[in-house]
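Reminder, nothing fancy here: chain letters follow the sequence lines and each chain counts from 1. In this text the structure is predicted, and so the values were computed from the model without any measurement. Quick note: numbers below take in every heavy atom, side chains included, and nothing from hydrogens, waters or symmetry partners.
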There are 2 protein chains.
Amino acid sequence: MGVVVNLEERADRKGDLGQLATLTADDLRDVNDLIVRAMDSPVALIPQLAGHIVAAGGKRLRPMLTLASARMCGYEGNRHKGLSACVEFIHTATLLHDDVVDESELRRGLASANAVWGNQASVLVGDFLFSRAFELMVADGSLTILEVLSHASKVIAEGEVMQLTTSNDTSTGETAYLEVIRAKTAQLFSAACRIGAVVADRPKVEEDALETFGMNLGIAFQLIDDVLDFSAKQANLGKTVGDDFREGKITLPIILAFRRGDDDERVFWRRTLEDLDQGGGDLDRAIGLLEKHGALDDTVERARHYGAIARDAMGIFDDSPHKQALVDVIDFCIERAY
Amino acid sequence: MGVVVNLEERADRKGDLGQLATLTADDLRDVNDLIVRAMDSPVALIPQLAGHIVAAGGKRLRPMLTLASARMCGYEGNRHKGLSACVEFIHTATLLHDDVVDESELRRGLASANAVWGNQASVLVGDFLFSRAFELMVADGSLTILEVLSHASKVIAEGEVMQLTTSNDTSTGETAYLEVIRAKTAQLFSAACRIGAVVADRPKVEEDALETFGMNLGIAFQLIDDVLDFSAKQANLGKTVGDDFREGKITLPIILAFRRGDDDERVFWRRTLEDLDQGGGDLDRAIGLLEKHGALDDTVERARHYGAIARDAMGIFDDSPHKQALVDVIDFCIERAY
């Protein structure tokens with residue numbers, strides 16, 4: 001799996017969240033405290049289940065984007081912390097509902113919440129976190145931010161439904177796929193960045209620039225995520241390699257390989273992804289076909305394209321450590337292999 | 001089943017939504033148009049699925065409460081229509097998620113959305129409607145109303161989780177049960193009424209009175225719903241009799257019969273509701289025990305108590321057709337048998 005090695009080498013060269021993590025560390029500690037307080041409830045199962053997924057924690061990339069965007073825009077108050085928590089709650093709620101939807105058994109290397117507590121609790125605690133996010137936004141009091149995040153939430157749900165309807169359909173094209181990941185992933189990245197400018201009361205052109213940055217960063221992030229599903233590095237991420245394949249999810253690597261393949265290969269893709277008729281060796285054959293057609297490498301190339309747009313969007317901001325840290329996230333997203 | 005006949009007779013005497021439906025008919029037509037427009041999406045499955053549940057429609061009781069409360073408070077604008085649509089969207093979203101949670105196959109006499117389109121789509125379209133509700137509220141622009149409805153949404157989710165944890169536990173007491181229905185059902189009734197006063201810019205004492213009215217009306221409504229689950233009238237409602245029983249849901253009729261029963265009966269309740277070990281004849285025996293202990297009639301009596309509180313809360317408002325129509329809903333809720 002050549003691409004994996006390539007990714008590994010790139011990861012060694014650059015691409016980590018180092019500066020972003022360092023610059024936002026103090027703020028993020030407060031955000032984490034806020035998160036723990038805000039997910040509390042007299043109904044004990046709620047903090048238990050929410051704690052499981054929030055504590056499993058991931059990288060807190062989205063809240064970091066809000067924190068750093070606000071600071072880059074010169075914001076010196078504290079509202080960006082609560083808003084970061086809102087962003088993370090919306091993200092966590094969609095993860096909980098996703099896991100129900102995907103019937104995933106692992107999330108970030110731990111048993112997923114639905115595997116432990118059942119689908120019912122996951123759906124309802126997701127609803128709780130989502131509502132809590134809106135309560136926090138209302139307490140913050142900015143209608144503009146409420147607008148950005150309620151719109152993002154709507155678009156995310158649309159994206160997830162779109163994904164459901166393109167799932168298991170090998171005729172899905174690159175455009176339709178991009179529309180899905182724009183909605184289900186990139187929209188929240190974009191909103192997380194935009195509200196940094198809103199809270200700092202910056203002109204619309206800066207809001208728009210941060211939105212473009214976040215949107216294209218999010219697309220790149222998801223493209224690489226889709227590549228990683230076919231890569232041995234997944235084991236390190238605590239995910240199962242081939243999850244998307246087993247579910248018949250049509251991601252860009254598949255789309256490219258399908259279009260570049262011959263009739264015999266298309267029969268294979270249809271059997272495994274549309275009929276979900278899969279046996280031992282099929283995942284290996286899929287990975288082999290992806291490599292044969294350069295589908296993984298070319299998906300990484302597509303990601304670089306969106307990364308370049310994200311980088312240029314940041315051009316209007318003066319140089320600063322926060323700006324540099326945000327721009328470095330592009331490399332992290334594209335070249336992460338850990 | 002004596003209680004059923006009683007309910008039927010009462011229904012013939014009084015108790016219908018007639019005046020409320022008449023007084024709100026024009027506004028409700030606009031609300032229905034708004035609902036259809038607001039649930040539109042380029043993702044075709046969303047209006048399809050949302051249309052299925054919104055069109056199945058139910059009584060539109062909650063939006064009517066908002067419309068009538070606002071008019072009773074002298075409101076003459078149009079904002080109450082959009083806010084009614086928000087209330088209905090929140091309600092519909094919770095229904096969609098409930099059906100996933102309950103694994104219900106029928107909803108208002110039609111196949112439930114999850115039975116037709118699957119759990120995944122139901123969860124995600126619920127999320128869409130929920131986000132859409134917040135978008136509409138943001139467009140309306142009142143932070144107070146956003147606060148009332150985001151708080152209600154949070155409490156509803158808490159109530160549903162609470163219900164999940166008391167489900168199948170015959171030691172659940174009346175207090176714990178009331179806490180659940182207050183949260184999962186009555187809170188939205190209460191919010192629907194309260195925002196009528198908010199939109200009309202009435203003093204806090206009137207907001208509070210409408211909240212108390214809605215809360216107690218909602219409790220009465222749910223108590224009767226729980227009675228109806230064991231009543232032949234359910235067939236007319238298009239629901240399956242004994243749904244709650246089959247799921248092991250602990251409702252007030254069960255709580256009363258369990259506490260009033262002997263050891264032998266408690267063994268029966270534990271087997272059927274905790275172990276969910278049910279066979280032919282068990283539902284009939286359950287209904288027999290509920291009747292033997294007067295548990296259905298006494299649940300109706302409890303509902304009357306909350307209805308009385310709701311009625312008195314309305315005492316501070318001047319007499320008007322809208323006020324009368326709202327007060328009449330209490331009788332509808334308690335004595336509905338259609």
Between [atom1] on residue [X] and [atom2] on residue [Y], distance to nearest 0.5 Å:
X	Y	atom1	atom2	value
A/Glu160	B/Ile46	CD	CD1	10.5 Å
B/Leu124	A/Ile156	CG	CD1	11.5 Å
B/Gln163	A/Gln120	CD	CD	10.0 Å

Neighbour count above 12 (heavy atom, 6.0 Å) for A/Asp169 CG: yes
Neighbours of chain B found in residues 127-146 of chain A - heavy atoms under 4.5 Å: A/Asp127, A/Phe128, A/Phe130, A/Ser131, A/Arg132, A/Phe134, A/Glu135, A/Val138, A/Gly141, A/Leu143, A/Leu146
Interface residues of residues 31-42 of chain A facing chain B - heavy atom cut-off under 4.5 Å: A/Ser41, A/Pro42
Top contributor to chain A contacts, counting heavy-atom pairs under 4.5 Å, from B/Ala183, B/Gly159, B/Ala44, B/Ala157: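 Ranked by heavy-atom pairs under 4.5 Å with chain A, first place is B/Ala157.
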Chain A contacts, top residue of B/Glu147, B/His151, B/Glu158 (heavy-atom pairs, under 4.5 Å): B/Glu158
